Visitor: 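If you scroll down you'll find the structure; I have some questions about it.
What you are looking at is a predicted structure, and each value in this text was computed from that prediction instead of being measured.
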Amino acid sequence: MNRAARKSVGVLAAAIVVGAAGIAPLTLADTATAESGNYFERISTYPVYQNHPEGVAAETASEISTVSEDGKTLIYSDALSRQVGFLDISDPSNPQGLGTLALHQLGSPEDEPTSVAAYGDFVFVVVNTSESYANPSGRVDVVRIADRSLVRSIELVGQPDSIAISKDGAYAAIAIENERDEDAGDGGLPQAPAGSVQILDLVGAEPDGWNIREVALTSGTPEKPDALPILTEAGIDTPQDPEPEYVTINANNQLAVTLQENNGVVLIDLPSGKITKAFSAGSVDLKDIDIEEDGKLDPTGSLQDVPREPDAIGWIQDRYLATANEGDWKGGSRGFTIFDSHTGKVAWDAGNSFEHLALSQGLFPEKRAGKKGTEPEGLAVETFNGVDYLFVASERGNFVAVYELSDPTSPKYLQSLPTTNGPEGILPIPGRDLLAIASETDEADKGVRSAMTLFKFGATGAQFPTIESDIENLVPFGALSGLSANPAQPHKLFAVSDSAYEPRIYSIDTQKSPALIESSIPVTQDGAPASLDLEGIAARADGGFWAAHEGKEGTENALIRIDEAGAVIDEVSLPEDVVAQLEGQGLEGVSVRGSGEQEEVIFALQREVPGEDFVRIGKYTPASAEFVWYGYQLEPAGEDDSWNGLSEITGLPDGKFAVIERDKRIGEDAQLKAVYQFELPEVASDEVTILDKSLAKDVLPVLEATHCRTQEKLEGLTISGAGDVFVVTDNDAVDDASGETVFANLGSVNEVFGTSEQPTESESPRQSESPQQSETPEGSEQPTPSPVPSSSLEATQSPEVVDSESESPPAGSSQPEPSSTPTDEPAKPESERLADTGVNSLWLIPVGLVMAGLGVAAAMKTSRARRQR
């Protein structure tokens, strides 16, 4: 879903304004970068339970990963199931499980892998064998990758955490953390024994000849460690208990290790084993951040003198050090920092910009606001195509932010890469233009599965986000649960958030790419934030809105009338004899047609009323306060614990209505995410009239097009005044969900819903057939399945293929649902769309001979980008 290079200018948010005074602002990668194919594009997501012997029932995780010398075998640590996993990534778009190596085969079933690192024919498996916090122990197992045989075990002096191998292959360094017991005393430091660093001298080709030595970070005895003067003088928090966390080695064989709980960094010369420098990571003052878990996205808080407490660390050009400041027991600055290793001074700091990035892309974990916010933990630095890039993972926001490092003291934000829950291990594979991200959170009962996600370098535009707000005019958002056209502006929409937050109504500009959330207003009741679970919204021709409130109990379901300022002015309860038995899953969508005395509110429940085999769709006439009911037959849900339900309803220009019907399934199990249409009978009946429905659009291929774990909650659907059909997913407020919001343009109303007679029989978009084989309404053209917000590309096309300026003309109606079908131009054949973007304009080459150098360079870039896809 890449945007064309000619449309990439302005795709990214404006420069991030850093709240902390005196900190350099974050700048953006310039146009030249955007045009050279230097973006990363997600090409696969592999849930690692598929590689576990117990399959879907397994509790499994991918935490830290490494790759074989040929770049084709990915190896990851799995602390949850105490094993190491192997994946074949020869075809990175289709990883294949190669099985696991359980640690009981190497030592004991209680052994826990903490890290892995490939080295030639071998992989180092770092193992925690500690019986207790007071008696830490560990080892490094050297395993031959080809047959997974144990070649050698090397005992360590304590409990290990991370490992790094030098670029020349001469050394491996292991952080011996000897982590503290958080339940001992106040859970703080010091707690003996103290940690250290161990260096493995990789002398000779065979492991038998390798030697190990220790670099002590304290003096005294293990039971009573004393602080080293160099750490004390550096201002390390509790130098007698350093607790080293993460190690990295530069090309000069200088090791940098973070002391996370101690808020410091130590530098060690590997050949001599001497400590050459130590410095404190310091603290920051933060403002304009969200610091309260209160159900509001409210970046107006501030924190003073927050210790950075760095976790992961990486060298930049052998001089500078970047740290991900996750925090631990005293701090966490919610961003990352670049230090000058020569001086130990800050060269650049993210301030509040990392958190603002999450807020602007719907990825802020509000339930962590009172703790460490986005919690940046993982970090990596690598060179792709001659350019240095920095990757910083948000453990709680479920994304990795990418920065260009042409100037290490002025990183330029490039893009965000959405992941599954808990990204930690970041593995660049530059030899294959790949990036692997290991996400560790695995909660099968919530549909959250640990996964390895692979990204390909060389795309010409950012795949994500598909909807955002401007960082300079920040409008935090999330949990978008309903969409509506804006009657006054054909390219604008309204959206509403559900009870994950205090309810707000958002204004969206669909002509921007990504779609831009321009503003929002709170929904209030008696002057205070309304306590409502708004699942649908519809703009009224007479001004203001109708909204659908889903009650926790059936009788609490209500239609809510809201004025233009967001104030609730009327509540209409649904008839008690219909909804009293509902325990939840009530009102889910609302639409409105007509005005004045002719106004009608059409709404949908999500699930069947107990005792009925259909879902109710209702019509309410405000002038008469009358309700009329219709029955909608859901597709069969299958034999598992899943269910199907409705998520939205919207009116069509021809007077018909469309609904989203979806299943409860997520990820690779998803089967039904679709739009159906039907017509309401002209004559009302005292009985519930069963409707005839027809499939309009299988949206599952759209959700799968960017290779994520398919989102569960396809929630919003509307037709803009310009005649485009939009859908959006509810990201569940980044709570037990990946948090990725998919906002997609399905095509024109004519393309999606057609104008000829529709089949009357029920059609399921996916049974056993593939997404591309699902049926389409007779006589209608099925648009290529892909999320295409504004000028986004179809996933099946090359990065250059897009005609983002082609739009349907406005409908010429002030109604949210225009009364007549917009006169859209016929969709252009692919050959013409290619010509529009210049991809097929090879006939221009002779003209360009006067600029031969530039033309050849551009052609090489285009060819390279295609090959990488």
Visitor: With side chain to side chain donor-acceptor pair (under 3.5 Å) as the criterion, how do Thr383 and Asp388 come out once you've worked through the C-alpha distance, each side chain's angles and the decisive distance to 0.1 Å?
Guide: CA-CA 4 Å; Thr383 303; Asp388 291 333; 2.4 Å; yes
Visitor: Which pair of non-hydrogen atoms, one from Thr218 and one from Pro225, has the smallest distance, and what is that distance?
Guide: OG1-CB, 3.9 Å
Visitor: Of all the heavy-atom pairs spanning Leu474 and Ser469, show the shortest one and how long it is.
Guide: CD1-OG, 3.8 Å
Visitor: Flag the pair Asp735 and Lys367 as a salt bridge only when some basic side-chain nitrogen lies within less than 4.0 angstrom of an acidic carboxylate oxygen.
Guide: yes
Visitor: Go through the steps for Asp237 and Lys330 under the test salt bridge (Lys or Arg N to Asp or Glu O under 4.0 Å), then give the verdict.
Guide: CA-CA 10 Å; Asp237 185 278; Lys330 285 187 177 180; 3.2 Å; yes
Visitor: Keeping Asn178 on the side-chain end and Gln191 on the backbone end, is there a donor-acceptor pair under 3.5 Å?
Guide: no
Visitor: So, do Pro465 and Thr741 sit near enough that their side-chain heavy atoms are less than 4.5 Å apart?
Guide: no
Visitor: Could you tell me whether the side chain of Thr323 and the main chain of Ile338 form a donor-acceptor pair under 3.5 Å?
Guide: no
Visitor: Taking the side chain as every heavy atom from C-beta outward, state whether Phe391 and Val381 have any atom pair closer than 4.5 Å.
Guide: no
Visitor: Return the minimal non-hydrogen interatomic distance between Asn263 and Glu309, and the atom names on each side.
Guide: OD1-N, 2.7 Å
Visitor: Is there a donor-acceptor pair under 3.5 Å between the side chain of Asn421 and the backbone N or O of Ala737?
Guide: yes
Visitor: Let me confirm one number: the CD-CG distance from Glu326 to Leu379, rounded to the nearest 0.5 Å.
Guide: 12.0 Å
Visitor: Using every non-hydrogen atom in the two residues, find where Pro299 and Leu359 come nearest and quote the distance to one decimal.
Guide: CB-CD1, 3.8 Å
Visitor: Could you walk me through whether Ile176 and Val197 satisfy the side-chain contact (heavy atoms from CB on, under 4.5 Å) test, starting with their C-alpha distance in whole Å, then the side-chain angles of each, then the deciding distance to 0.1 Å, before giving a yes or no?
Guide: CA-CA 6 Å; Ile176 306 298; Val197 171; over 6 Å; no
Visitor: What I'd like to find out is whether the side chain of Leu267 reaches to under 4.5 Å of the side chain of Ile275, using heavy atoms alone.
Guide: no
Visitor: Where the side chain of Thr258 meets the backbone of Asp311, is there a donor-acceptor pair that is under 3.5 Å apart?
Guide: yes
Visitor: Look at the rings of Tyr389 and Phe40 and say which category their plane angle falls in: under 30° parallel, 30 to 60° tilted, over 60° perpendicular.
Guide: perpendicular
Visitor: For Asp288, is there any backbone N or O sitting under 3.5 Å from a side-chain donor or acceptor partner on His356?
Guide: yes
Visitor: Could you report the tightest heavy-atom contact between Ala278 and Val266, atom names first, then the distance?
Guide: CB-CG2, 4.1 Å
Visitor: Using the ring centroid of each side chain, check whether Phe336 and Tyr403 are separated by less than 6.0 Å.
Guide: yes
Visitor: Between Ile437 and Glu424, does the side-chain contact (heavy atoms from CB on, under 4.5 Å) criterion hold? Intermediate values first, please.
Guide: CA-CA 7 Å; Ile437 298 174; Glu424 180 166 345; over 6 Å; no
Visitor: Check the pair Thr441, Thr420 against side-chain contact (heavy atoms from CB on, under 4.5 Å), reporting the backbone distance first and the verdict last.
Guide: CA-CA 8 Å; Thr441 305; Thr420 56; over 6 Å; no
Visitor: Is a side-chain donor or acceptor of Gln711 paired with a backbone partner of Arg709 at a separation under 3.5 angstrom?
Guide: yes
Visitor: Angle class for the Tyr506/Phe477 ring planes (parallel below 30°, perpendicular above 60°, tilted otherwise)?
Guide: perpendicular
Visitor: Any chance you could measure Thr276, atom OG1, to Leu270, atom CG, to the nearest 0.5 Å?
Guide: 9.5 Å
Visitor: Looking only at heavy atoms, which two atoms of Ile249 and Ala164 are closest? And how far apart?
Guide: CD1-O, 3.6 Å
Visitor: Taking the side chain as everything from C-beta on, heavy atoms only, tell me whether Leu259 gets closer than 4.5 Å to Leu231.
Guide: yes
Visitor: Between Asn325 and Thr337, does any side-chain donor sit less than 3.5 Å from a side-chain acceptor?
Guide: yes
Visitor: Would you say that more than 12 heavy atoms from the other residues, nucleotides or ligands in this model lie under 6.0 Å from the NZ of Lys277, or not?
Guide: yes
Visitor: Would you say Pro376 and Phe354 make side-chain contact, with heavy atoms under 4.5 Å?
Guide: yes
Visitor: A quick test of your reading: do over 12 heavy atoms of other residues, nucleotides or ligands sit less than 6.0 Å from CD of Glu292?
Guide: no
Visitor: Begin with the C-alpha distance, continue with both residues' side-chain angles, and end with the deciding distance and a verdict on salt bridge (Lys or Arg N to Asp or Glu O under 4.0 Å) for Lys412 and Asp407.
Guide: CA-CA 9 Å; Lys412 297 178 180 179; Asp407 179 356; over 6 Å; no
Visitor: Counting N and O atoms only, with roles assigned by atom type, does the side chain of Asn128 sit under 3.5 Å from a partner on the main chain of Gln159, one being a donor and the other an acceptor?
Guide: no
Visitor: Quick check against the 3.5 Å criterion: does Glu243 have a side-chain atom that pairs as donor or acceptor with the backbone of Arg180?
Guide: yes
Visitor: Before you tell me yes or no, could you show the steps for Val475 and Glu518 under side-chain contact (heavy atoms from CB on, under 4.5 Å), namely the whole-Å CA-CA distance, both residues' side-chain angles and the distance that decides it to 0.1 Å?
Guide: CA-CA 7 Å; Val475 184; Glu518 299 178 304; over 6 Å; no
Visitor: For the pair Phe384 and Phe457, name the ring-plane relationship: parallel under 30°, tilted 30 to 60°, perpendicular over 60°.
Guide: tilted
Visitor: Quick one: pull up CG in Leu321 and CG in Asp318 and give me the separation to the nearest 0.5 Å.
Guide: 10.0 Å
Visitor: So, are Asp349 and Arg308 salt-bridged, with charged N and O less than 4.0 Å apart?
Guide: yes
Visitor: Decide yes or no for Asp241 and Leu189: does some side-chain heavy atom of the first lie under 4.5 Å from some side-chain heavy atom of the second?
Guide: yes
Visitor: Evaluate the side chain to side chain donor-acceptor pair (under 3.5 Å) criterion for residues Ser481 and Asp498: first the C-alpha distance (whole Å), next the side-chain angles of each, then the deciding distance (0.1 Å), finally the verdict.
Guide: CA-CA 6 Å; Ser481 59; Asp498 64 21; 4.8 Å; no
Visitor: Using the ring-ring contact (aromatic ring centres under 6.0 Å, His included) rule, pick out the option among Phe279, Trp348, Trp315 that qualifies with Phe339.
Guide: Phe279
Visitor: At what distance, to the nearest 0.5 angstrom, does CD1 of Ile268 lie from OG of Ser196?
Guide: 9.0 Å
Visitor: Can you pull the salt bridge (charged side-chain N to carboxylate O under 4.0 Å, His left out) pairs that have at least one residue in residues 372-387, sequence neighbours excluded?
Guide: Arg368-Glu375, Lys372-Glu375, Glu375-Arg396
Visitor: Just wondering, do Asp470 and Ser360 contact through their side chains at under 4.5 Å, heavy atoms?
Guide: no
Visitor: Tell me if a side-chain donor or acceptor on Ser394 pairs with a main-chain N or O of Phe399 at a distance below 3.5 Å.
Guide: no
Visitor: Hey, are the side chains of Glu261 and Trp329 touching, using non-hydrogen atoms and a 4.5 Å cut-off?
Guide: yes
Visitor: Is a side-chain N or O of Ser450 found less than 3.5 angstrom from the main chain of Ser439, in a donor-acceptor match?
Guide: yes
Visitor: Roughly how far, to the nearest 0.5 Å, is the CE atom of Met452 from the CG atom of Leu427?
Guide: 7.0 Å
Visitor: What's the spacing between Asn398 CG and Ser416 OG if we round to 0.5 Å?
Guide: 12.0 Å
